[in-house]
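Everything on this sheet refers to the single structure shown next.
Lettering follows sequence order; numbering is per chain, from 1.
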Amino acid sequence: MKKNNKRRHAEIASEENKAPGPLPAVRHSDEPVAKKTKWTNKQRVLVFCSRGINYRDRHLMEDLKKLMPHHKPESKVERSKSLTVVNEMCEMKNCNKAVMFEGRKKMDLYLWLANVPNGPSVKFLVENVYTMSELKLTGNCLRGSRPLLSFDPTFKEKPHFLLLKELLTQIFGVPNHHPKSQPFFDHVYTFTILDNRIWFRNFQILSEDGALAEVGPRFVLNPVKIFSGSFGGAALWENPFYVSPAKYRQQIRLAAKNKYLNRVQQKAHASTANSGDGYKMTPLDDIFQGDPLKKAQEIESKEKEEKQTNGVKAKATRKRLPRKKK
Amino acid sequence: MSSSESELSDSDIELQEAFAEGRLKPGLNKVEAAPKQFTNNVGGLRQKLTEFKLDLPWLETLDLVSKQAPLAPELAAQMLIHEQKRENQLKNNKKLPQVDPSVDPVLNDFKRETMFHRQAQGTVMEALPKLKALGLKTIRPEDYFAEMAKSDEHMQKIRAHLMQKQVQKQRSERVKQLRSQKKEGKMLQIQTKLARQKEKKMILEQVKKVRKGQSKDLGFLDGKNKGKISDKRKLRDKKFGFGGKKRGSKLNTKDSASDISEYRRPKKPGMKKGKGPGMKMGKGPGMKKGKGPAKRPGKNKRIKSRAKGKR
């Protein structure tokens, strides 16, 4: 037996030695033609999340994975201070783009989009998440068909929007002739800038004349920062309108906290401002208040007093006057 | 106390220093922090963009910057209806927060979604002809089955949900309809009741007038207001009777029994060709004008004539 084996090995070795010789000049007619790869735009996106993500956000990630045949999955990553590890992970998985979901406090979701070896990368806050399993989203599309990417005209206006547009097209656009993709066009992604945020919607094309049905998911991306490197590097742009969700909640709480105090202060202020009588409408208005008889007596006595005082004055003047005349 | 004093003095010194440096503005007792500077490195952004931009034909990326498609008329109508409905809602329910329709969150939601929808439509209208010009087929054949983004199970769920919604809507509409019908019926009932009361009042008044001798018109009793009666009907009514008691109307009474206006004396037996007033002119086939009815010949004559005929 052993001898036989040896002989076989020897034969294989001899064949291998023969192979790298000069190629035959004539090709056989029934030899299959070498395949030309049409798949030129080779984007591979690593989609994963960090630990501590919300269930809804996890579903959103799963939906995105369903819609992106060019993604590569990765297990959850432990939260760490530096995200540069992600670059190595992408290299290991042979990916040149990364989508990372980062959950905080089981409440807030941050999304990193990155062009991996040499940037840029963007950090977004994700708001208003609706997953594809929402029942009011009635459309459906092929898994892995190529989406049309629709951008708002405002994407052309500012340099950071231009950069975001390029990054979004490279990540969300399914490459032509990707092996897992379908050759039909049955859905559209819309990216619209509204209120300094990017609104994402996914519509199914029902008919060629523009009838649409929403497939989902829905989310809003609030850009926080654009970095020059992937998961790090110098900041190229910062969003001046961004308020962190923690700060926002704090503001709400503060407003609620001061509610009682504000009210008490307002009341105190009102009471001091409105104290006493403002002004009298007519001087004789109080005639009709109280018992009429008493009032009449009071008025009479007042008049008498006035007369007396007037009389004294008049006498005084009378006494004086004749003297002056003299 | 001493520690707090020292703190105070410390802060005072700090403030004095700040004032000396010109960081403290007159009237403030706190160092004003400089407003945060947000980086916006336009040059860097442009450079980065050129660095990583893919120079590929459009087919590879399928990205389009497109304006919103023109608003479809039915959508515009729907929007208008929605706006009106919302306005009414706000008007009728003062408990709702009164907001301007232009900033109304509910209305804005609808407006916003239609905006996205229209943008997508614009892209579809632009992109599909472009794809066709490139010689690509865009529509999926009917018998092409592939895995979908949503499972069939989920789509069933969606369908059930939609159906349920529709049923609910129908039910509520029906209830609304019934309610309005009930209301209308009630109104009609009240109206007829009022009309009847009015009529009764009128009749009673007229009766009163007649009784007092102010008027002699008794037409109201016949129901003058009713439609015109045809002559034929009148004749028939006269002949067969109309209204009132029918029983015993054909029985003889004292008057009818004593009425002999129609009695005619019987004819004298000798008058054959009578032209008497009592003779009734028959209209039968065997009768001739001016003559009485043809008489049957006597027995002998008949026998004779028969014999003649045989011969």
For [X] versus [Y], what's the shortest heavy-atom pair and its separation?
X: B:Lys150; Y: A:Asn140; answer: N-OD1, 3.0 Å
X: A:Phe203; Y: B:Phe116; answer: CE1-O, 3.9 Å
X: B:Gln119; Y: A:Ser150; answer: NE2-OG, 2.8 Å

Those residues of [range], ordered by number, that approach chain B below 4.5 Å (heavy atom to heavy atom):
range: residues 212-220 of chain A; value: A:Leu212, A:Glu214, A:Val215, A:Arg218
range: residues 119-130 of chain A; value: A:Gly119, A:Pro120
range: residues 184-193 of chain A; value: A:Phe184, A:Phe185, A:Val188, A:Thr190, A:Phe191, A:Thr192

[X] atom [atom1]: more than 12 heavy-atom contacts under 6.0 Å:
X: B:Lys165; atom1: NZ; result: no
X: A:Lys65; atom1: NZ; result: yes
X: A:Arg56; atom1: CZ; result: no
X: B:Gln197; atom1: CD; result: yes
X: B:Lys130; atom1: NZ; result: yes
X: A:Tyr248; atom1: OH; result: no
X: B:Asp152; atom1: CG; result: no
X: B:Gln37; atom1: CD; result: no

Side chain / backbone / both / neither for [X] at chain B, heavy atoms under 4.5 Å:
X: A:Asp209; answer: backbone
X: A:Lys165; answer: side chain
X: A:Pro147; answer: backbone
X: A:Glu208; answer: both
X: A:Ser145; answer: neither
X: A:Lys225; answer: neither
X: A:Leu162; answer: both
X: A:Leu67; answer: side chain
X: A:Leu137; answer: both
X: A:Thr169; answer: side chain

Toward chain A, the part of [X] with a non-hydrogen atom under 4.5 Å:
X: B:His117; answer: both
X: B:Lys137; answer: backbone
X: B:Glu126; answer: neither
X: B:Leu54; answer: both
X: B:Ala127; answer: side chain
X: B:Lys36; answer: side chain
X: B:Lys132; answer: side chain
X: B:Leu64; answer: both

Next on the checklist: With ring-ring contact (aromatic ring centres under 6.0 Å, His included) as the rule and sequence neighbours excluded, what pairs involving residues 38-63 of chain B come up?
Outcome noted: none
Checklist entry - Of B:Asp63, B:Val65, B:Thr61, which meets side-chain contact (heavy atoms from CB on, under 4.5 Å) against A:Leu149? => result B:Asp63
Heavy-atom pairs under 4.5 Å with chain A - which of [options] has more of them than the others?
options: B:Lys67, B:Arg46, B:Met155; value: B:Met155
options: B:Leu49, B:Leu131, B:Asn41, B:Thr39; value: B:Thr39
options: B:Ser66, B:Ala160, B:Gly44; value: B:Ser66
options: B:Arg112, B:Gln47, B:Gln121; value: B:Arg112
options: B:Val124, B:Leu45, B:Thr123; value: B:Leu45
options: B:Gly122, B:Ala146, B:Gly43; value: B:Ala146

Among [options], who wins on heavy-atom pairs under 4.5 Å with chain B?
options: A:Gly173, A:Ser228, A:Ala235, A:Ala211; result: A:Ser228
options: A:Lys158, A:Gln43, A:Lys66, A:Gln182; result: A:Gln182
options: A:Asp63, A:Val174, A:Thr138; result: A:Thr138

Rounded to the nearest 0.5 Å, how far does [atom2] of [Y] lie from [atom1] of [X]?
X: B:Glu60; Y: A:Arg146; atom1: CD; atom2: CZ; answer: 6.5 Å
X: B:Leu59; Y: A:His177; atom1: CG; atom2: NE2; answer: 7.0 Å
X: B:Leu128; Y: A:Ile205; atom1: CG; atom2: CD1; answer: 5.0 Å
X: B:Leu136; Y: A:Asn176; atom1: CG; atom2: CG; answer: 7.5 Å
X: A:Lys180; Y: B:Glu147; atom1: NZ; atom2: CD; answer: 11.0 Å

Checklist entry - Are any of the side-chain heavy atoms of A:Met132 and B:His154 separated by less than 4.5 Å? => result no
Checklist entry - Is any side-chain heavy atom of B:Lys48 closer than 4.5 Å to a side-chain heavy atom of A:Ile226? => result no
